[in-house]
Amino acid sequence: MAGNSFGQLFRLTTFGESHGVALGGVIDGCPAGIELDLQKIQEELDRRKPGQSAIVTQRKEPDTVEIFSGVFEGKTTGTPIGFAIRNTNQKSKDYSHIKDSYRPSHADYVYDQKYGFRDYRGGGRSSARETASRVVAGAIAKQLLSDIKITAYVSQVGALKLEKNYDQLDFSVIESNPVRCADMEMATHMEEYIKSIKKEGDTIGGVVTCVIQNVPIGLGEPVFDKLHAKLGEAMLSINAVKGFEYGSGFDGVAMKGSEHNDAYNPDGTTKTNRSGGIQGGISNGMDIYFNVAFKPVATVLQAYDTINKEGEKVTTQGKGRHDPCVVPRAVPIVEAMAALVLADYTLLARSNKI
Ligand SMILES: Cc1cc2nc3c(=O)[nH]c(=O)nc-3n(C[C@H](O)[C@H](O)[C@H](O)COP(=O)(O)O)c2cc1C
């Protein structure tokens, strides 16, 4: 299986399956001398962990990170940072019903076809449990980027959409509600809605909005490695992501160029920011903002029709502990992937000019 690494200079490789011994990663290329706050890494993991509220999977797992290398006396040494999170609460029996059949819209069928064999327990490598390793690496990247501020929040659940722009919202409320919505009133509606979906044994999608502030000018490598292209790749690599748009995104197509253009102020900042902080693939110093769309995930706790390995029609019943809506737990994953891109491009930008 190729494709388990991300980044050029700040490079993360992850390993592990949902019901294996552990998941983890190696970060290659992290500069020496960063004072690492290990508590902050654990706090980021706690934002992603299962069982944190009534509207996420009830799998209870502490997700404690162990760091094996690359850190000495509280500082990064410049050598590979190896880390792992042990799996401690697997119920592999819950997955015996999908050993020989395929959950519609999950990765079961394509894994079997591609590899001829699959670890079906908990979805194996296709499980979003893999993203715990991204969150650890992202928390380290955030500490490298101390001046750059990355904030994500839930802006839509099903048809419930927060119509306010990020600059009209109070980011301090995001962590005070289980949905991680940046508006308390909307958070209550979203929470109730997710609970009703859960009661039906169904799932629902949502949108995570991410804002990156205090970005220096000059991050991004034209032509193929444009900053927004790498952010898009990072976000689209997250499980269950179906869409990515930055700046004016798809709404921009309905505007004329004369309306859409971001006029300059004398200091080079712009009066509007429809470009989303990136022009020509390079950060322009304005805020970067983007939306990431998550589908309603595949595992519904209802009876459903599917096929088995022999291609025969079977009816099966979804079971196990699953997320009715993944966006509350996806918020720290989106931030982590953004931090990995920004860390990598910050190091690459050191070769911009003499
Ligand atoms: C935080 C998070 C939690 C997830 N939890 C579940 C889950 O409980 N059940 C499920 O079927 N899919 C879940 N997924 C999505 C699957 O991992 C994903 O749909 C699957 O790997 C197939 O990949 P694709 O949807 O990107 O095509 C979750 C995704 C994320 C980001």
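Throughout, numbering of the chain's residues begins at 1 and tracks the sequence. In each ligand, atom 1 is the first atom listed, and ligand 1 is the first ligand listed. Just so it is clear, the values below take in all heavy atoms, side chains as well, and ignore hydrogens, waters and symmetry mates. Because the structure is predicted, anything quoted here is derived from the model rather than measured.
Using a cutoff of 4.0 Å between basic side-chain nitrogens and carboxylate oxygens, Asp287 and Lys149 are not scored as salt-bridged. Salt-bridge annotation for Glu130 and Arg134: present, with a side-chain N of the basic residue lying under 4.0 Å from a carboxylate O of the acidic one. Lys230 and Glu233 are joined by a salt bridge, as a carboxylate oxygen and a charged side-chain nitrogen come within less than 4.0 angstrom of each other. Salt-bridge formation is detected for the pair Lys195/Glu191: a Lys NZ or Arg NE/NH1/NH2 atom is positioned less than 4.0 Å from an Asp or Glu carboxylate oxygen. Between Arg180 and Glu175, at least one side-chain N (NZ, or NE/NH1/NH2) sits under 4.0 Å from a carboxylate O, which counts as a salt bridge. In this structure, Glu335 pairs ionically with Lys142, as a charged nitrogen and a carboxylate oxygen lie closer than 4.0 Å.
Note that the CG atom of Asn291 and the CD atom of Glu245 stand 4.5 Å from one another [nearest 0.5 Å].
Between the side chain of Arg103 and the main chain of Gly318, no donor-acceptor pair closer than 3.5 Å is present.
Under a 4.0 Å criterion applied to the non-hydrogen atoms of Val326, ligand 1 contributes the atoms 2 (C), 3 (C), 4 (C), 5 (N), 28 (C), 29 (C), 30 (C). Distances below 4.0 Å separate heavy atoms of Ala298 from the following atoms of ligand 1: 11 (O).
For atom 20 (C) of ligand 1, the nearest non-hydrogen atom of the protein is His106 CE1, 3.5 Å. Ranking the protein heavy atoms by distance from atom 1 (C) of ligand 1 puts Ile333 CD1, 3.8 Å first. Taking atom 23 (O) of ligand 1 as the reference point, the nearest protein heavy-atom neighbour is Ala240 N, 4.3 Å. In this structure, the protein non-hydrogen atom closest to atom 8 (O) of ligand 1 is Asp323 N, 2.9 Å. Among protein heavy atoms, the minimum distance from atom 25 (O) of ligand 1 is reached at Lys295 NZ, 2.7 Å. Thr299 OG1, 3.4 Å is the protein heavy atom nearest to atom 10 (C) of ligand 1. Shortest contact from atom 30 (C) of ligand 1 to any protein heavy atom: Ala128 CB, 3.4 Å. With hydrogens left out, the protein atom closest to atom 12 (N) of ligand 1 is Val297 CB, 3.4 Å, a heavy atom.
Backbone and side-chain nitrogen or oxygen atoms of Lys242 are examined, and none is located within less than 3.5 angstrom of a nitrogen or oxygen of ligand 1. The shortest N or O to N or O distance between Asn239 and ligand 1 is under 3.5 Å. Not one N or O of Ser105 is nearer than 3.5 Å to an N or O of ligand 1, by distance alone. Polar contact with ligand 1: absent for Arg329 (N/O pair, distance under 3.5 Å).
Across Asp112, Thr306, Asp108, a single residue satisfies side-chain hydrogen bond (donor to acceptor under 3.5 Å, both in side chains) together with Tyr102, and that is Asp112.
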